[in-house]
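In the text below, chain A, chain B and the rest are named by the order of the sequence lines, each starting its count at 1.
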Amino acid sequence: DAGVIQSPRHEVTEMGQEVTLRCKPISGHDYLFWYRQTMMRGLELLIYFNNNVPIDDSGMPEDRFSAKMPNASFSTLKIQPSEPRDSAVYFCASSLDPRETQYFGPGTRLLVL
Amino acid sequence: KQEVTQIPAALSVPEGENLVLNCSFTDSAIYNLQWFRQDPGKGLTSLLLIQSSQREQTSGRLNASLDKSSGRSTLYIAASQPGDSATYLCAVPFSGSARQLTFGSGTQLTVLP
């Protein structure tokens, strides 16, 4: 398996623009997680899905953030409108079982000017 | 709320030394504890996962221990190499949940040739 795939790897946009981050989990993994990493706050869980259903989105910072998982092999994290404070690295991870390890994608480095 | 602390924040050692990284957590009711490695500009790679019923796990030159009662874990790296230079993070599930991870802020390790 190619592992967790994220796109784009880098994104530079201007404040107010819509940003869409994409993730393809490892095939067969029932759990998908979106994280954000910043120097100030470290790694934070934003939302996670189980069998394509959002289970806990309490980490989503604001209504500007939304996430979907239309099928088992694809998820998106959307920010609309984007703000400079959203600049961070966004990671997607997947796992087969909640008690087993999570496999992380390479991340999307987002810069909002 | 689970809190995870890693000490030291940064560590620099000469090649060949054995070293120990520390992780402490506040809620001992955990299912497992994971150690990850993050290289600059890259995603996280899982190194070891210790189930709550285990006291240690070994992989090559790495050995991780877990003491739930004291809320501590250590990652021991034997005969360190320059290629071990990276940030090491530990993660434990949120209290009451096996799915959501709380990450420590990491220890940045530099192994000098």
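A:Tyr48 and A:Phe91 fall within a single hydrophobic cluster, where Ile, Leu, Val, Met, Phe, Trp and Tyr side chains are chained together by heavy-atom contacts under 4.5 Å. Criterion: ILVMFWY side-chain heavy atoms under 4.5 Å apart, direct or through other members. Under it, A:Ile5 and A:Val89 are not part of a common hydrophobic cluster. A:Val19 and A:Ile47 fall within a single hydrophobic cluster, where Ile, Leu, Val, Met, Phe, Trp and Tyr are joined by side-chain heavy atoms under 4.5 Å apart, directly or via other members. Both B:Val92 and B:Tyr88 are part of a single hydrophobic cluster, where members link through side-chain heavy atoms under 4.5 Å apart. Side-chain heavy atoms closer than 4.5 Å link hydrophobic residues (I, L, V, M, F, W, Y) into clusters, and following such links, possibly through other members, connects A:Tyr31 to A:Tyr35.
Residue B:Thr102 holds its OG1 atom at 10.5 Å from CD of A:Glu44, rounded to the nearest 0.5 Å. Interatomic distance, OH of A:Tyr103 versus CG of B:Leu44, reported as 13.5 Å (0.5 Å rounding).
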Tell me which donor-acceptor pairs under 3.5 Å the side chains of residues 76-83 of chain B have, and how far apart each pair is, sequence neighbours excluded?
unit_1, atom_1, unit_2, atom_2, d
B:Tyr76, OH, B:Asn18, ND2, 3.4
B:Ser80, OG, B:Glu17, N, 3.3
B:Ser80, OG, B:Glu17, O, 2.8

request  = Begin from the C-alpha positions of A:Phe33 and B:Leu101 and carry the test side chain to side chain contact (heavy atoms under 4.5 Å, CB included) through to its verdict.
outcome  = CA-CA 10 Å; A:Phe33 308 81; B:Leu101 295 179; over 6 Å; no
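Crowding of A:Asp63 atom CG: a count of heavy atoms from other residues, nucleotides or ligands under 6.0 Å not exceeding 12.
Heavy atoms of A:Gln37 lying under 4.5 Å from chain B belong exclusively to its side chain. The part of A:Arg109 that comes within reach of chain B is its side chain, from C-beta onward, which places non-hydrogen atoms under 4.5 angstrom from that chain.
A side chain to side chain contact (heavy atoms under 4.5 Å, CB included) with A:Thr101 holds for exactly one of B:Asn32, B:Leu48, B:Leu49; it is B:Leu49.
Using non-hydrogen atoms only and a strict 4.5 Å limit, the part of residues 35-43 of chain B facing chain A consists of B:Phe36, B:Gln38, B:Gly41, B:Lys42, B:Gly43. For residues 105-113 of chain B, heavy-atom neighbours of chain A at less than 4.5 Å comprise no residues at all.
Within the structure, salt bridge (Lys or Arg N to Asp or Glu O under 4.0 Å) pairs that include any residue of residues 68-90 of chain B comprise B:Arg61-B:Asp84 (at least two apart or interchain).
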